[in-house]
Amino acid sequence: MIRAFSFASFVAFLLSCSPPSEAPAPEAATPSSQLRVFVVNEPLRYFAARIGGSHVEVVLPAPSGIDPSTWTPDAETVAAYQSADLVLRSGAGYADWVDLVSLPAARVVDTSAAYRQRVRQRAGTVTHQHGPGGEHSHGELAHTTWLDLQLAILQAAAVADTLVRARPEHESAFRSELAALVADLEALDGQLAAAAQELADAPLLFSHPVYDYLIGRYALNARSLDWEPDAPPTPRQWRDLAAVVHEHPARWLLWEAEPLTEIERALRERGIESVVFDPCGGTPEDGDFLGVMKANVARFEAASTASE
Amino acid sequence: MSGPLYLAWRYLAHHRAKTAILVTAITLIAFLPIGLNQLVSESGRQLAARAQSTPLLVGERGSRLDLVLASLYFASDPPAAMRYAEAERVDASELATAIPLHVRFRARGHSVVGTTLEYLEFRGLRVAAGRPMAVLGECLVGAAAARDLELSPGDTVTTSPETVFDLAGTYRLRMRVAGVLAPSHTPDDEAIFVDVKTAWVIEGLGHGHQDVASPGASSAVLKREDDRVTANASLVEYNEITPENLASFHFHGDLAEHPVSAVLAVPRDEKSRVLLLGRYTAPDEAVQIVEPAAVMDDLLATVFTVRRYVLAAIALVSAATLVVAGLVFLLSVRLRRREIETLHKLGAARSHVALMLAAEVVAVIAVAGALAGVLTWLSGSFGGAAIRAFLLS
């Protein structure tokens with residue numbers, strides 16, 4: 001009897017065991033109505049926000065006041081990029097940290113594809129060699145492509161195309177906003193071209209070698225220094241400036257940001273006036289990319305008029 | 001009526017050893033063909049499932065089976081490498097999504113699989129602890145590998161040299177564990193996943209070092225001319241990627257020329273699949289495109305052919321066993337002649353004696369049949385898990 005009961009219990013135990021269930025399938029993502037777009041600089045943030053309007057949420061994680069071209073996100077910020085519906089790259093080696101992180105390739109868009117052949121090598125690139133591989137440099141392409149407003153228009157069009165592919169139901173709204181943005185950029189381009197024409201071949205100086213595209217687009221007669229607006233130049237830098245000005249008698253020095261008063265005064269004593277032309281790669285403290293560029297153009301026009 | 005049955009039961013209970021042997025033999029000849037068929041079918045189904053879930057695989061021309069085994073099961077030697085440009089070619093076709101695979105390296109016995117985040121989404125892999133890899137040098141560990149190596153997020157694991165005769169041939173990289181995957185009961189549980197760019201760093205195609213243009217690296221500079229700097233062998237190269245040195249890492253040459261083992265192509269639809277297959281038919285094509293399901297079907301056809309021979313052998317053995325069992329019963333009846341005569345003298349009818357003998361046979365067969373049924377149910381219910389453990393071990 002006991003043996004029979006034990007056998008029956010054993011059989012009941014076996015019958016109560018169920019085969020291992022399959023691992024649950026991952027939950028399907030629910031598409032949200034608002035597209036979450038992560039970008040790498042302010043021009044892209046402005047283009048995406050202006051074209052996308054209320055249909056997009058645009059995020060530039062680089063802190064305000066930091067140049068995104070030299071910023072590297074930490075792992076947690078990269079994880080935030082991974083969660084984006086779209087990641088817009090500026091191309092031309094800008095934010096080359098993207099090559100050092102893991103992002104979903106299908107959602108990363110290089111908005112410079114249309115003008116890749118027009119990307120310039122930055123002047124004064126340092127190459128180095130170690131081992132048998134020969135010379136190479138580390139990502140020294142000139143990357144402020146938006147300073148050539150024609151390239152900026154192409155980039156804005158690429159942003160629009162990307163948003164349309166992601167949200168085709170809003171194509172007419174995106175195209176309409178793009179047209180308005182292009183009109184604004186064309187107007188600025190026209191103003192800059194006219195101002196450059198007034199300058200003719202007047203020599204100019206730029207504080208930093210980040211104006212390659214501005215110089216190329218408007219055929220400016222320019223030389224670049226390597227000065228910081230918030231760092232008084234060293235005696236050697238003053239001597240180098242004197243040597244440059246001896247061959248290239250510039251009256252204007254264009255800065256990325258407002259220089260220290262003492263620098264401005266010292267330059268004025270040497271016959272050089274300071275003008276701010278902010279490349280606006282990062283989020284400005286006030287306004288947006290278009291506002292900063294309008295202010296840049298206004299100051300540039302004033303300088304060209306004063307140089308006559 | 002109950003008399004003969006009682007006597008049959010008492011006889012079997014008294015001769016336990018003989019009864020157990022007969023029950024075991026009949027159970028085995030009843031269960032073995034069914035169990036073998038179940039296990040082989042389940043093994044084939046599980047092997048085929050992974051192949052069927054992988055639409056297309058692009059790789060260097062060569063053995064299709066090696067390509068499939070290395071890319072899907074991370075078994076066998078890695079296939080010959082092909083250019084990353086082939087992944088870009090698949091993407092550019094707009095017919096499929098390309099997921100590169102780099103399976104050359106290992107870390108403490110586990111395959112280091114270089115790929116992209118799309119692989120995790122494609123295979124439905126879920127992160128159980130931590131997060132996916134985010135930056136160069138991070139890895140995501142499969143559940144079984146994490147258990148085996150006792151790894152959890154925040155730990156480190158170093159890649160293994162490919163051969164003791166070429167210790168400096170590849171870049172031994174100490175990788176940081178970003179996360180651990182949930183069990184998927186697939187070969188992914190045994191793998192360590194990294195970004196394909198991290199695999200290139202291990203291969204020595206990318207590295208980080210001191211900035212040769214900085215004053216601090218002056219001792220590492222052999223020659224400096226204008227904008228050209230030549231470094232000497234003392235230039236420090238990093239073997240671990242940290243937040244501090246991440247920005248110094250870079251790759252040399254065109255990334256399109258960098259090597260991958262295979263490209264997993266996920267077509268957008270059936271038409272795209274057919275079109276993509278057609279793009280690799282040129283005789284001078286350097287790479288091949290295979291359908292893993294077809295390759296595994298060929299392999300399993302061979303396995304099932306062997307199974308038929310095994311089943312035939314089992315059938316012969318079973319027939320012989322039944323013959324022997326029948327002989328045992330007949331010999332048993334002959335040996336019990338005096339017992340049967342005694343029963344007749346006690347007044348038992350011939351039919352009752354025959355019923356008793358028949359009940360003994362039926363009881364043995366019934367118990368054996370029941371046990372075979374239980375074993376069949378067990379193998380059907382738990383055989384899959386046992387096969388997964390066996391295949392993954």
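Just so we're on the same page: letters track the sequence lines, and every chain starts at 1. Because the structure is predicted, anything quoted here is derived from the model rather than measured.
Counting heavy-atom neighbours within 6.0 Å of B:Trp9 CH2, excluding the residue itself, gives a total of 12 or less. Enclosure of atom CD in B:Glu94 is not indicated, since only 12 or fewer non-hydrogen atoms of other residues, nucleotides or ligands lie within 6.0 angstrom. Heavy-atom contacts from other residues, nucleotides or ligands closer than 6.0 Å to CZ of B:Arg10 number 12 or fewer.
Your options are B:Thr198, B:Val196, B:Thr97, B:Leu246, and the one with the most heavy-atom pairs under 4.5 Å with chain A is B:Leu246. Ranked by heavy-atom pairs under 4.5 Å with chain A, the first of B:Val135, B:Thr116, B:Leu120 is B:Val135.
Scanning all heavy atoms of the two residues, the minimum distance from B:Ala134 to A:Ala75 falls at CB-O, 3.8 Å. The two residues B:Arg131 and A:Ala79 make their nearest non-hydrogen contact at CD-CB, 4.5 Å. Annotation for B:Phe249 and A:Leu100: closest pair O-CD2, 3.4 Å, computed over non-hydrogen atoms. When all heavy atoms of A:Val101 and B:Lys197 are compared, the pair lying nearest together is O-NZ, 3.1 Å. Closest approach of B:Met133 to A:Ser102, counting heavy atoms only: O-CB, 3.5 Å.
Taken to the nearest 0.5 Å, the CD atom of B:Glu118 stands 9.5 Å off from the CG atom of A:Leu103.
Contacts between B:Leu136 and chain A at a heavy-atom distance below 4.5 Å involve backbone atoms as well as side-chain atoms.
Contacts of A:Asp67 classified as side chain to side chain donor-acceptor pair (under 3.5 Å), with partners at least two apart in sequence or in another chain: A:Ser69.
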